[in-house]
Amino acid sequence: MKNFFLFITCIFSSIVFAQTKDKETPIASVRVTKKMPVYFGCESFTEKKDLVTCMNKNLNQDVQSQIAFFSNIADYLHIETAQSKLSFTINKEGDFSNLSTDGINPIFNSVALSSLVLLQNKMDRNKMHIEPGKDEKNNPIDVNLNLPLRYEAAEKNNDFDKFPSENRVLFTLKTDEETIEVRIDKEFNLKTFGNNGNREYYLGKFSNLFEMASVEPYATAFDAAFKSGIIAITKGKIEDKEYTLQIKNFFENDPSAEVLITVFREENGTWAEYYEYKTKKEFNQSKFAHLTYR
């Protein structure tokens with residue numbers, strides 16, 4: 001696994017309390033929180049400050065464990081730094097809800113969202129809930145929170161700006177009617193383009209992969225990629241030979257699973273594995289890299 005740094009700042013520092021001269025005053029964009037939510041492992045605490053400290057520690061650890069795999073994605077996509085603000089609610093049922101992100105990198109936004117989605121899925125499987133916050137009358141309430149995240153690669157050798165194109169193909173999806181390319185530009189914007197065999201046309205732009213995966217035909221394709229661990233990148237000809245590129249483990253939530261690019265070559269009507277690249281540098285220096293340029 002590549003070395004990287006993930007910074008998660010204090011989750012409650014700017015959203016739960018405002019400092020006055022003598023005491024902490026709850027910010028009243030929602031009803032006053034008499035008692036903070038009790039996160040897992042914090043059940044022995046009763047004081048608000050202790051609950052805040054404990055939740056910071058335990059939730060930060062859980063989020064980091066869920067998104068440690070981002071270092072592999074970042075290496076493949078040449079992302080050296082990224083930051084996002086993850087906003088969410090711990091609702092009165094004790095679940096995560098109202099998830100949203102605020103960051104310029106759609107890939108990192110997607111990963112930030114996935115951390116709480118995966119935690120919520122784990123809670124659902126085990127039939128667990130966070131003890132919700134309480135108001136002055138001890139009634140459960142929704143509590144809105146923010147979690148700032150920042151990623152920084154340990155080694156910086158980005159050559160994305162040296163590529164001879166503004167866009168690269170990230171994935172290629174196929175339907176009965178068209179082929180759809182998901183492209184990423186140097187600003188890490190996600191755009192989709194369709195091709196029906198006669199012409200290419202612009203389909204749309206997405207703020208993150210979760211948004212894309214929520215609508216068809218992307219949802220079905222991404223679901224298949226999650227299950228198989230493989231998704232098509234693109235195909236093309238080099239020296240009159242037809243090649244297909246695939247990416248493995250891009251959606252694998254495991255930091256030890258390397259993101260690999262596999263090249264298949266068509267020979268006598270059949271496809272056979274030709275080569276597998278284990279690093280982005282090796283692939284970018286190969287003759288196959290230009291097949292992804294747009």
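Only heavy atoms go into these numbers, but all of them, side chains included; no hydrogens, no water, no symmetry mates.
Taking the ring axis of Tyr293 as reference, the NZ or CZ atom of Arg168 does not stay both within 45° of it and closer than 6.0 Å to the ring centre.
Counting heavy atoms from C-beta outward, Glu267 and Lys241 have side chains that approach closer than 4.5 Å. Residues Leu86 and Leu116 are in side-chain contact: their nearest non-hydrogen atoms beyond the backbone lie under 4.5 Å apart.
Transitive grouping of hydrophobic side chains (ILVMFWY, heavy atoms separated by less than 4.5 Å) keeps Ile184 and Tyr202 in distinct clusters. Leu260 and Tyr277 fall into different hydrophobic clusters, where Ile, Leu, Val, Met, Phe, Trp and Tyr are joined by side-chain heavy atoms under 4.5 Å apart, directly or via other members. The cluster map of Ile, Leu, Val, Met, Phe, Trp and Tyr, joined by side-chain heavy atoms under 4.5 Å apart, puts Tyr218 and Ile230 in different clusters.
In this structure, OG1 on Thr101 lies 11.5 Å from CG on Asn146, to the nearest 0.5 angstrom. Rounded to the nearest 0.5 Å, atoms CG (Leu203) and NZ (Lys191) are 13.0 Å apart. Annotation: the span from Thr172 atom OG1 to Ile233 atom CD1 amounts to 8.5 Å, rounded to 0.5 Å.
Salt-bridge check for Glu273 with Arg265: failed, with every basic side-chain N at 4.0 Å or more from each acidic carboxylate O. Lys248 has a carboxylate O that lies under 4.0 Å from a charged side-chain N of Glu276, or vice versa, which qualifies the two as a salt bridge. Taking 4.0 Å as the cut-off between side-chain N and carboxylate O, Glu181 and Lys235 do not count as a salt-bridged pair. Taking a cutoff of 4.0 Å between a charged side-chain nitrogen and a carboxylate oxygen, Glu47 and Lys49 do not qualify as a salt bridge.
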Practice item. Evaluate side chain to side chain donor-acceptor pair (under 3.5 Å) for Asn144 paired with Thr89, printing each intermediate quantity in order. Key: CA-CA 4 Å; Asn144 299 320; Thr89 299; 2.6 Å; yes
Practice item. Go through Asp185 and Asn189 one step at a time and tell me if the side chain to side chain donor-acceptor pair (under 3.5 Å) criterion holds. Key: CA-CA 6 Å; Asp185 64 21; Asn189 297 307; 3.0 Å; yes
Point to revise | Intermediate values then yes/no, ring-ring contact (aromatic ring centres under 6.0 Å, His included), Tyr243 and Tyr274 | key: CA-CA 9 Å; Tyr243 295 91; Tyr274 179 74; 5.6 Å; yes
Review point. Run the side chain to side chain donor-acceptor pair (under 3.5 Å) check on Glu131 and Tyr39 step by step: do they pass?
Key: CA-CA 7 Å; Glu131 184 180 329; Tyr39 193 68; over 6 Å; no
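When all heavy atoms are compared, the tightest approach of Cys42 to Asn58 is SG-ND2, 3.7 Å.
Separation of the Tyr275 and Phe288 ring centroids does not fall under the 6.0 Å cut-off.
Side chain of Asp142 to backbone of Lys92: a donor-acceptor contact under 3.5 angstrom is found. Under a 3.5 Å cut-off, the side chain of Glu43 and the backbone N or O of Gly41 do form a donor-acceptor pair.
Side chains of Asn109 and Ser84: a donor on one and an acceptor on the other come within 3.5 Å.
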